[in-house]
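Okay, so here's the structure we're looking at.
Convention: sequence-line order gives letters A, B, ...; per-chain numbering from 1.
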Amino acid sequence: MVDLTINLGFIKLRNPIITASGTFGYGLEFSPFLDLREIGAIIVKGLYFNEREGNPPPRIFETPCGMLNSIGLQGIGVKKFAEEILPKLTDYGVPIIVNVCGEEDDEYARVVEFLSSKKGISCFELNISCPNVRKDGKCPAISPEWTYNIVKLVKQSTKKPVITKLSPNVTDITEIAISAEEAGTDGISLINTILGMAVDIETRKPRLGNVFGGLSGPAIKPIALRMVYQVVNTVKVPVIGIGGIFKGVDALEFLIVGAKAVQVGTANLIDPLAPLRILNEIKDFCEKKGITKIEDIIGTLKVGD
Amino acid sequence: MVDLTINLGFIKLRNPIITASGTFGYGLEFSPFLDLREIGAIIVKGLYFNEREGNPPPRIFETPCGMLNSIGLQGIGVKKFAEEILPKLTDYGVPIIVNVCGEEDDEYARVVEFLSSKKGISCFELNISCPNVRKDGKCPAISPEWTYNIVKLVKQSTKKPVITKLSPNVTDITEIAISAEEAGTDGISLINTILGMAVDIETRKPRLGNVFGGLSGPAIKPIALRMVYQVVNTVKVPVIGIGGIFKGVDALEFLIVGAKAVQVGTANLIDPLAPLRILNEIKDFCEKKGITKIEDIIGTLKVGD
Amino acid sequence: MFVDSAQIIGKKIWSDWVLLSLKTYKIAEQARPGQFIMAKVNDSFHPLLRRPFSIHNVSSGEIEIFFQIVGIGTTILSEKKVGEKLNIIGPLGKGFNITSSVQNKEYYLIGGGRGIAPLFFLAKEIKKAGGKPYVLYGAKTEKDLPLLKKFWDEEIQVYPSTEDGTLGWHGLITELFEHKLKERNKIEKIFVCGPHEMMKKIALIAEKNKLDAEYSLESIFGCGIGACWGCVVKLRREKEKWVKACSEGPVFSGKEIIW
Amino acid sequence: MFVDSAQIIGKKIWSDWVLLSLKTYKIAEQARPGQFIMAKVNDSFHPLLRRPFSIHNVSSGEIEIFFQIVGIGTTILSEKKVGEKLNIIGPLGKGFNITSSVQNKEYYLIGGGRGIAPLFFLAKEIKKAGGKPYVLYGAKTEKDLPLLKKFWDEEIQVYPSTEDGTLGWHGLITELFEHKLKERNKIEKIFVCGPHEMMKKIALIAEKNKLDAEYSLESIFGCGIGACWGCVVKLRREKEKWVKACSEGPVFSGKEIIW
Ligand SMILES: Cc1cc2nc3c(=O)[nH]c(=O)nc-3n(C[C@H](O)[C@H](O)[C@H](O)COP(=O)(O)OP(=O)(O)OC[C@H]3O[C@@H](n4cnc5c(N)ncnc54)[C@H](O)[C@@H]3O)c2cc1C
Ligand SMILES: Cc1cc2nc3c(=O)[nH]c(=O)nc-3n(C[C@H](O)[C@H](O)[C@H](O)COP(=O)(O)OP(=O)(O)OC[C@H]3O[C@@H](n4cnc5c(N)ncnc54)[C@H](O)[C@@H]3O)c2cc1C
Ligand SMILES: Cc1cc2nc3c(=O)[nH]c(=O)nc-3n(C[C@H](O)[C@H](O)[C@H](O)COP(=O)(O)O)c2cc1C
Ligand SMILES: Cc1cc2nc3c(=O)[nH]c(=O)nc-3n(C[C@H](O)[C@H](O)[C@H](O)COP(=O)(O)O)c2cc1C
Ligand code: FES
Ligand code: FES
């Protein structure tokens, strides 16, 4: 028996597998396929305060070992979420994390204020890193000050723990991580998608209605892993690794460089059983190696000889 | 017949296909496979002033649709290059571009000064963007000022045209491109590799001796294409697109977003015939579409309806 | 909705058209016309995403898919051999609405190119329920109409059209439709699947003739199970909004589609 | 050096060991023992890079490769069928140095696991030139020695060793080598290929016994043609330096290798 529990300090997880925002719907979509209860935590699709239309299609384009998306955070808004989704989702008894969005800095505060009073939400993940909302792909997570301000504001607006989700589209990821930590974030998750584009040579049009989109999937894993490693070595708050995790070995790489948990994203779209399959692969690895506690793997990278 | 010639202003090319530095040796390695003369231009492996040892192995690791490398610019130095390689290479009558490296800013100047007097070099490409030289993956191309200074210095040290090669590991690629342009660069090429890493879960060691390495190949194409598009829309100097170009369609995507020429990198390692195969695929496309001049394709992206 | 590793038990190829029969009990049992499956064509990361295919036919414990080879995924799929397994999810989406009182009612089923795929299953179901399906089956040229015989074998009326006149009506399927409407105009409903431009033209004709119509829309799917919001199409529902084609469609009423 | 699309004309599998015969006139004509080919196992981007394999055997217009299934590339390669094509580049690298005066000289050829692959071709060539090759062939267990019969058929002396004692010498191949050196010590040169740790131990023994030795080194190859500097190994040449294993090796003299 392998002890798979993870203590992030502000929350205890049954296991280190979390489903990434935007790739797992509102959770319920996956209940025909797997027992949601067995997942470490579920992060729901990013929520703005109000309902939101998202970007014009095409919104998805496949690239080598990856995909571009420019969904643009279409969603139902906090009220509908609290009324129609949350009650059903809490029934499953799985920790629920809400991915929080905002067009203005202020909106982040309004979202967490509104939702803080609702039962069943474990913590918030601040999506300050979505490349699909503005045409130029800019977002708060590309600036240390902007990041600091939003995290600070949100921390003042809720007593619940807050995870800040960082963008890879930066020169120095550690600088942003430090800002988030200084502003009081309880945890850091990374990476969100990498800004990219593709062109249809027949029509000479961009493949996405929004021109730019976010790259995700196995293609980006090496970049994600590097950034997670850099951030783990910079901040003290727990770090959650995201990016191209499709198999147990991928998750293990992130844990070894020091992530305390991981999020499974694009993999869910292809294999709705991915979170539990990956979990089982981790379990098998531990059993084979005689590892009795998953936490014993975290941060065990051997650098130098 | 399709007119494939490209005028970069400072140099005319027989066609838009250039071989990327570090993936085509010193050129001669490929003479058993293809007629070098038919390539638009050859960029040789990055040269420091002196011979250089490079990084400890493993130096290469394959990732999904991509590869990490941490060669660390092993090379023979300018003198040996000028004596042993250049004379043979010039015999082929293909434009030769030297990729210039430096540990200190000053070294870039010394390399171009030394080589400017040698016969057969068409222009220089400043490699201010190699992520494999310092352990933290930093390089001049992550800073606008640093970029400006080196380009300025090099331009003062040679009369030959200078292409500046940018790094994708930045928040705002246009800012760096502007710096290079202001400092007088004749052209801009991008992208160099993206900083990444990988871990062997069996040994818990990094897959590369140098821990970090540069990601290249099809996996990064969407990111490269986006950056090239951004830079093309920012500067006036000609832009050369690089990143994951394996087929004619890939090259065409870069031309359509506005690159005036492209570089083929990792593809050479897998298919030594890649530069001419890609060229032929472009030619076929033009013929099928009734395009008589390749320059008519450049910058024809249709955005909006 | 099941994830199943379905065995390929039959395969036919006509140049770039492929018919695969798959053994998949649970999916076959629940499938309705207009629903689809998502198939993973190999277990590599390249291509990454599943590909959507309409459920073309259902018989005891089996389904069929019928597709055109257009790119990397369909090429790999076309190379599969009988006996191999294919990982699929299905049945997905909401299918065509055939009301209970089908008896003796007349329907036009209009399929352009690969759009014919879901209409075979639909025609069979309508016929079984005592309705009268008339299938219009259009394509560029004769060799793109490989399913004609299949319809004949089921004794379903099918009217082919080809743009080059090599078979059936010489011209566009939209013209054939207008022509047929003159012959037979007590139509209960039309069901349409095909290229966007074709469906748009059909929609104009249907509106002019005040015909009830349903269209199976295509868009690029990320997941097929409603998780990614990638597949949206614009509908008029209270107000204009982007609606997920995979889980709320792919079949939508002509009344709500914004072309 | 040629890029060739070589037809697979023969295949044998023993659990995770595979022997492929390839029709490739030009490469076969130029190949020397110790040289290798780079194979693209499919035409996908995943896996991306070619994989290096020693030239295991050469006969008129054909070469053989012999490999162990260890990961994605070798798995895909093992699933190829006779009749399919394989894109290869070869012959690459510098092979073993067998001087002209081989006549009656004695050689130990020491192969651990998949390291045996290049030694078959080498043994045949030595024999043809009138020399006496003695092959030491070591592995974990009996089933990892599928090539024994092949050596016997060529009447080449081969001494197996297994770590578990299921066949031949019970123990490590390095121990077998020390043992054999006592029997026969007028050795002209030894040729070694196998896991790094094994070769390192052999090198110590060879040095102690002042034996001339060549080793075929492995490292991770990016291109195999000297273009990327990915494959370097540390050598003592004037000073210590990183040398490309693919184009200046993979075979190096024991005198220059820094273990
Ligand atoms: C609900 C639904 C049902 C479908 N049923 C059938 C069917 O029964 N028979 C059939 O032949 N085809 C059907 N299609 C279309 C089919 O899914 C695509 O042809 C297929 O995914 C292309 O895959 P590929 O890898 O071969 O093409 P790619 O190499 O990915 O692309 C080739 C071309 O196909 C387009 N394309 C790619 N993915 C999709 C997609 N998900 N939907 C539409 N176009 C796409 C691309 O834009 C490109 O122009 C259906 C599509 C949908 C949405
Ligand atoms: C010059 C040379 C000749 C070789 N000849 C043979 C031969 O005749 N028969 C044989 O069985 N093997 C040979 N090898 C090793 C063979 O190339 C690798 O086993 C193969 O590339 C692994 O590919 P894979 O995709 O199956 O493994 P992967 O999935 O890529 O990796 C599996 C394991 O193999 C290791 N590996 C990956 N690539 C290489 C590489 N290029 N070199 C060494 N190890 C690698 C990885 O580190 C990993 O531990 C040779 C290697 C070299 C350098
Ligand atoms: C279709 C899609 C939608 C996404 N939506 C969101 C979102 O709403 N909020 C968010 O923070 N991240 C969103 N992401 C980013 C993912 O949560 C994740 O950070 C990223 O995809 C990288 O992980 P992966 O490679 O495992 O997918 C989305 C990603 C995809 C592919
Ligand atoms: C093995 C290897 C070595 C490289 N060496 C250099 C170099 O010396 N100088 C340089 O400017 N870029 C170097 N690069 C970067 C490439 O020139 C190119 O910018 C990058 O690989 C992206 O293009 P690609 O995806 O087509 O490979 C190297 C890349 C690889 C893979
Ligand atoms: S394809 Fe993912 S929501 Fe429809
Ligand atoms: S493998 Fe590329 S230089 Fe040796």
> Among C:H46, C:K234, C:E240, who wins on heavy-atom pairs under 4.5 Å with chain A?
Replying inline: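 Option with the top pair count is C:H46.
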>> Quick check for you: among C:L49, C:I220, C:N87, which has the greatest number of heavy-atom pairs under 4.5 Å with chain A?
In response: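 Top option by heavy-atom pairs under 4.5 Å: C:L49.
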Under 4.5 Å from any heavy atom of chain C - which part of [X]:
| X | result |
| --- | --- |
| A:F24 | backbone |
| A:P64 | both |
| A:F61 | neither |

>> What verdict does the side chain to side chain donor-acceptor pair (under 3.5 Å) test give for A:S21 and A:N99, after you've listed the backbone C-alpha separation in whole Å, the side-chain angles of each residue and the deciding distance to 0.1 Å?
In response: CA-CA 6 Å; A:S21 181; A:N99 183 262; 3.3 Å; yes
> Less than 6.0 Å separating the ring centroids of C:W229 and A:Y26?
Replying inline: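 Ring-ring flag for C:W229/A:Y26: true, centres closer than 6.0 Å.
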> When you look at C:E62 and C:K23, which way does the salt bridge (Lys or Arg N to Asp or Glu O under 4.0 Å) test go after all the steps?
Replying inline: CA-CA 5 Å; C:E62 297 172 17; C:K23 197 96 214 163; 3.4 Å; yes
>> Going by salt bridge (Lys or Arg N to Asp or Glu O under 4.0 Å), A:R277 matches just one of A:D250, A:D284, A:D271. Which one?
In response: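 Looking at A:D250, A:D284, A:D271, the match for A:R277 under the salt bridge (Lys or Arg N to Asp or Glu O under 4.0 Å) is A:D271.
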> Does some side-chain heavy atom of C:W259 sit less than 4.5 Å from a side-chain heavy atom of C:H196?
Replying inline: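 Of all side-chain heavy-atom pairs linking C:W259 with C:H196, at least one is under 4.5 Å.
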> Under the side-chain contact (heavy atoms from CB on, under 4.5 Å) criterion, do A:I42 and A:Y92 qualify, and how do the steps go?
Replying inline: CA-CA 11 Å; A:I42 288 176; A:Y92 286 95; over 6 Å; no
> Measuring heavy-atom distances to chain A, does C:K241 have an atom under 4.5 Å in its side chain, in its backbone, in both, or in neither?
Replying inline: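 Contact with chain A: backbone and side chain both.
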>> Which atoms of C:I89 are under 4.5 Å from chain A, going by heavy atoms: the side chain, the backbone, both sets, or neither?
In response: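 For C:I89, the side chain is the part near chain A, not the backbone.
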